[in-house]
Amino acid sequence: GAGVSQSPRYKVAKRGQDVALRCDPISGHVSLFWYQQALGQGPEFLTYFQNEAQLDKSGLPSDRFFAERPEGSVSTLKIQRTQQEDSAVYLCASSLVRTSGTDTQYFGPGTRLTVL
Amino acid sequence: EDKVVQSPLSLVVHEGDTVTLNCSYEVTNFRSLLWYKQEKKAPTFLFMLTSSGIEKKSGRLSSILDKKELFSILNITATQTGDSAIYLCAVGKTGGYQKVTFGTGTKLQVIP
């Protein structure tokens, strides 16, 4: 596609519910990143995929957060037993290559998650 | 711990003014500094800087990096209301892949 797409754009969940957020990266992009952006803050790194391999998940805040990219394209970020502190915008970004610092990340529009 | 600090946190200017946004950083294994504009949700790429002293320009926007003093500035001349946004600075590191650390952003509001 022309850009990174994410769905849903907005999600309201009751505390304790599980949610799944989807990211469709730009076709052919090797690298995929998930970020969490709280209100008034910059994006915080969650996890990184190179094709289907999850090479870094050091930013996932707890074991309730799980991400996958089984075929090296679409990725899903799942949050189990949501808590109010999970409320944030979840941004997905992709880039063409895997080498560090040499390629621009293209961001999707994000999913705004509100946990009541 | 890597740090990226932006200032000011917010700024209100009139159309036609020139603004300078600041970004300082403390990271190990620095590779690049990136500027993004965030209007609604998706940050959009503005500049990537890897070398000191080389100004990058795009229309009314320009940016420069000082790797000795560990900072970058983003200048916007003749501001327009469409420049109103959050401007994010991020730093990329060497090794492995492009993991970046973002600052909290500068919220710019341009009023007519």
Side-chain angles (χ1 to χ4, degrees), chain A residues 2-10 21 23-26 29-51 53-59 88-113, chain B residues 1-10 21-25 27-51 56 58 63 65 67 72 85-108:
Chain A
V4 179
S5 61
Q6 293 185 246
S7 61
R9 294 291 305 276
Y10 302 90
L21 312 180
C23 172
D24 283 83
I26 294 172
H29 276 197
V30 169
S31 297
L32 186 145
F33 303 79
W34 282 99
Y35 294 89
Q36 180 190 61
Q37 187 173 24
L39 191 64
Q41 301 296 315
E44 297 261 354
F45 170 83
L46 293 178
T47 188
Y48 164 71
F49 288 87
Q50 182 180 301
N51 295 309
Q54 187 176 22
L55 298 187
D56 188 342
K57 54 182 180 180
S58 61
V89 174
Y90 290 85
L91 294 166
C92 174
S94 70
S95 67
L96 183 60
V97 297
R98 61 177 181 266
T99 53
S100 66
T102 58
D103 200 32
T104 305
Q105 294 183 25
Y106 296 89
F107 283 82
T111 294
R112 180 178 294 279
L113 173 65
Chain B
E1 184 181 335
D2 298 336
K3 286 172 60 176
V4 179
V5 179
Q6 293 187 245
S7 63
L9 292 181
S10 66
L21 310 182
N22 303 291
C23 176
S24 64
Y25 61 91
V27 301
T28 54
N29 304 316
F30 173 88
R31 170 72 187 211
S32 59
L33 186 141
L34 305 103
W35 284 97
Y36 285 86
K37 179 182 182 182
Q38 187 173 29
E39 292 179 84
K40 295 278 178 76
K41 284 185 192 172
T44 54
F45 173 78
L46 294 174
F47 298 111
M48 178 187 285
L49 302 138
T50 57
S51 300
K56 292 221 172 176
S58 176
S63 184
L65 173 67
K67 290 169 71 174
S72 173
I86 296 171
Y87 290 83
L88 294 167
C89 173
V91 175
K93 301 172 63 163
T94 58
Y97 67 94
Q98 192 193 22
K99 182 174 181 178
V100 298
T101 301
F102 282 87
T104 55
T106 293
K107 184 175 182 179
L108 173 65

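Not measured: the values here are computed from a predicted model. We name chains A, B, ... by the order of the sequence lines, and we start the count at 1 in each one.
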**OP:** May I ask you to check whether over 12 heavy atoms, not counting those of Glu44(A), lie within 6.0 Å of atom CD?
**Re:** no
Original post:
For Ala42(B) and Gly108(A), which heavy atoms make the closest approach, and how far apart are they?
Top reply: CB-O, 3.0 Å
**OP:** May I ask you to check whether Phe107(A) and Phe45(B) place their ring centres under 6.0 Å from each other?
**Re:** no
Subject >> Contacting region of Gln6(B) [heavy-atom separation from chain A under 4.5 Å] >> reply: neither
**OP:** Can you sort out the partners of Ser94(A) under side chain to side chain donor-acceptor pair (under 3.5 Å), two or more places apart, ordered by chain and number?
**Re:** His29(A)
**OP:** For Tyr87(B), check side chain to side chain donor-acceptor pair (under 3.5 Å) against everything at least two apart and list the hits.
**Re:** none
Original post:
Given Thr104(A) and Phe47(B), is the side-chain contact (heavy atoms from CB on, under 4.5 Å) satisfied, shown in steps?
Top reply: CA-CA 9 Å; Thr104(A) 305; Phe47(B) 298 111; over 6 Å; no
Original post:
Taking atom OG1 of Thr104(B) and atom CD of Gln37(A), what is their separation to the nearest 0.5 Å?
Top reply: 10.5 Å
**OP:** Among the options Gly59(A), Pro43(A), Gly110(A), pick out the one with the most heavy-atom pairs lying under 4.5 Å from chain B.
**Re:** Pro43(A)
**OP:** Using a cut-off of 6.0 Å, state whether more than 12 heavy atoms not belonging to Lys57(A) lie near its atom NZ.
**Re:** no
Original post:
Among Leu91(A), Val4(A), Val89(A), who wins on heavy-atom pairs under 4.5 Å with chain B?
Top reply: Leu91(A)
Original post:
Is the Tyr35(A)-Phe102(B) ring centre distance short of 6.0 angstrom?
Top reply: yes
